[in-house]
Amino acid sequence: MAAANSSTSESIPVTPAAPGGRRAFSGDRVYAGALAAAGIAILLVALLIAATTANTARPALARAGLWGFITGRDWNPVEDIYGALPFIWGTLVTSVVAIVLAVPVAVAFAIFLVEFAPSRSRSLLRFVMELLASIPSVVYGLWGLFVLVPLLREHVEPALGRFSFLPLFRGAPLGVGTLAAGVLLAIMILPTIASVSVEVLRTVPSTLREGALALGATRWEAVRIAALPYGRAGIFGAALLGLGRALGETMAATMVIGNSPEISASLFAPGYSLPSIIANEFSEATSALHIGALAALGLILFVVALILNIAARLLVRAVVGKFERSSS
Amino acid sequence: MTAAPKIRIEKLNAYFGAHRAVRDVELDIPALGVVAVIGPSGCGKSTFVRCLNRMHELLPGARAEGRVLIDGQEVYGPGVDPVQLRRRVGMVFQRPNPFPAMSIFDNVAAGLVLNRLPGDRAAIVEKSLRQAALWDEVKDRLKENPTRLSGGQQQRLCIARALAVEPEVLLLDEPASALDPIATAKIEELIHELRERYTIVIVTHNMQQAARVSDRTAFFYMGELIEYDTTEHIFTNPSIKQTEDYVTGRFG
Amino acid sequence: MTTPGRRWRAFKNGFAITLCGVAVLVALAPLLSVLWLVVKNGAPALGLDFLTKLPAPVGESGGGVGNAILGTLAIVSLACAIGLPIGIGAGVFLAERGDGKFGGAVRFTAEVLSGVPSIVVGIVAYGLVVLPMKRFSALAGAVALALLMVPPLARSTEELVRLVPRALREGALALGVPAWKTSLFIVLRTARPGLITAALLAIGRAAGETAPLLFTALNNQYWNVRPDQPTASLTVQIFNYAISPYEEWRQKAWACALTLLLLIGFLSLGARFLARSPGEAR
């Protein structure tokens, strides 16, 4: 055997894309170029969203300054006064209500689907989740306006009114308001949180569960001891994803929140959210300042959604990645 | 060797990243007939044959160095199109891999259609299936999906698919390792018939199979070619101790 | 395990399972209510006239939302023409060449973009298309929907293409088929049933979007198929009818919603059917 000698003149290194200039190669190059262009397009979309929104928002931010804009409490297009605080408040309150209501139900739903449901009903539960997710938000809004709002006005809000020592439940039961928006958003983000939680719980290795059961644990204890602690970060990520959706959800909130730029501690009071004001005023805005102020609200929404989504994806990926590696 | 070799391999090295899987292999493969490549798993025998049609370099981090000449033409020369090369050097893999989204007919015709080769497709498909000893079994179900065929039939379909583009060399990478004994026997019978028309290189971990089907045998160990001689010589009177240990089953 | 705790633990076990079951019912209730009321309130108004006529002015009975149905179909088709090639192309890119740093960045961006609020994407389409053209248009709406369509479609395409066994790719390459033809005619063809499903689901989602259309495609009381003109859509029509003060318009909102759900249901049923029937080929 000759000694290894890769530097001899007759040994030719091989590269996968050897230069040739033949027809077959140009086809490969065109194809690879097209694919790469599509990949680049994704990055471009991200840049485009950031750049276009920021650029459109500039006039308003230049006038009031970012901080002044965020803390401004008045919104009056006629006088060209624009402050974002009522909308940030409304978005915050509705999203928190939505998360508080949706997370327990969604996680319990996911636990039931993964851990307790008979295997035959699993696909049915999955189908329920998909259906919930596939109903357009404007249809939820329609339902919210004509079903949920009367229900809240006539039954739920009067009942909650007994707790009026809490500022949360003060005021006349109008139906429309932040409570209605929060409940509707909770229904809409339920499938998001549930499906990501299902994905997380399914990656928990069955050996963990079986180990707990073998020690004499009940099925619930096996879930509590084995599955939930390992999936905790992922479920938290699922909740963050749901929060991100609730913040940006437009139509449903717009139709039931009352559209009134007030900051109130009561959930019964009408409010206004970031997406709703954009939806309502953007097509009628004419001055660059008004459009800019609406775009600036969009920019706030975009940045917050971005942060939430990045955090959520990292959390979910950490959990799912960990178990996929260990199980393969 | 009497005539000029069909394939001449000089100082061939193949790498996966920093790992050298094939080490300085030199070997002449005569035209027509069967050369078997044997050796324990991980010895580089599969990597070696994948260098002959430049399939090796498609794996992530893989590259090859050295010279491979087919009919005196450089395989790794500048300006050589590996796509053109692979039409001359067909390959059949360890597990049958028919295209599941295509009918049996379309599978055999795939190379012709995708390479836009001229000729009467129906005639070529029939000829290839006959050569692969599959025609009688599938002639009435050419429109069917190949996933309904048995494993052995699927593998013969893959051989027919490779033959349809009329290669000169056929590389078989453990073609029977996923098959039952009866299907294996059929594949071996088929290799017997194809040796008259093609230069065949077969990788196998089954020494009896190598002894049954090949004219010459190459024994690989740890990426090196240990011994290369007529099959009879390798299995009855090997010159090198390692070869003898392996073919007599005394290998650690 | 001591005996005194046993009954308490069994009770807790049953209680927890029951509670999780209740959560399923809680999730089911609004779903059933929405579906039932849309059918109940929408069905009476639904008819041939409703599907084919122009909207009637306030006070006049009859009329339909034919232009909005056509508009939704037109905007979504245009969005598909822009979004499907980019989304699927980016997905194939991620599957075939996405293992490096650049691929990782594209993948992560696609994941994160899937969570960007659709109303923000509407602002982008406004800035990109409406401002330069100085008018609301179907094209602007389609650009917004396409931007929303691309990131999730890229991720699902990647997963589908990665499911195609490497052996098939090698089988084609060993026949002397160039890499690009292998990808297009072997890999994508094998993944086709799944890709059609993913595309139909993306189309269904796009058809249900309202927010990004409000100030891009706007609305239109008349028939329109020109991409540079304001165009009606079912979703915007539902919104306008729902918040109107007229009882008969609200009726129409329900009928529009039923039409929209039927359209989306049709798409996702088709997706399920296509995902299953040729699935045996895999």
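In what follows, every chain begins at residue 1, and chains take the letters A, B, ... in the order their sequences are listed.
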Would B:L114 and C:I186 count as a side chain to side chain contact (heavy atoms under 4.5 Å, CB included) here? Give the steps. CA-CA 10 Å; B:L114 292 174; C:I186 303 294; 3.8 Å; yes

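Both the backbone and the side chain of B:L59 come within contact range of chain C, with heavy atoms under 4.5 Å apart. With a 4.5 angstrom heavy-atom cutoff, B:R50 touches chain C only via side-chain atoms. Only the side chain of B:F93 comes within contact range of chain C, with at least one heavy atom under 4.5 Å from a heavy atom of that chain. Using a 4.5 Å cut-off between heavy atoms, B:V89 touches chain C through its backbone atoms (N, CA, C, O) alone. Residue contact with chain C, scored on non-hydrogen atoms closer than 4.5 Å, is absent for B:P96.
Of all non-hydrogen atoms in C:P178 and B:R87, the two that sit nearest each other are CD-NH2, 4.4 Å. Scanning both residues, B:N115 and C:G176, for their nearest heavy atoms gives OD1-O, 2.9 Å. For the pair B:V83 and C:V177, the tightest heavy-atom approach, listed with the atom from each and the gap, is CG1-C, 4.2 Å.
Annotation for B:F16: atom CZ counts as buried by contact number, over 12 foreign heavy atoms lying within 6.0 Å. The number of heavy-atom neighbours closer than 6.0 Å to CZ of C:R162, taken from other residues, nucleotides and ligands shown, is above 12.
Contacts of residues 165-175 of chain C with chain B at a heavy-atom distance below 4.5 Å involve C:R166, C:A167, C:L168, C:E170, C:G171, C:A172, C:L173, C:A174, C:L175, listed in sequence order.
The distance from the CZ atom of C:F185 to the CG atom of B:D106 is 13.0 Å, given to the nearest 0.5 Å.
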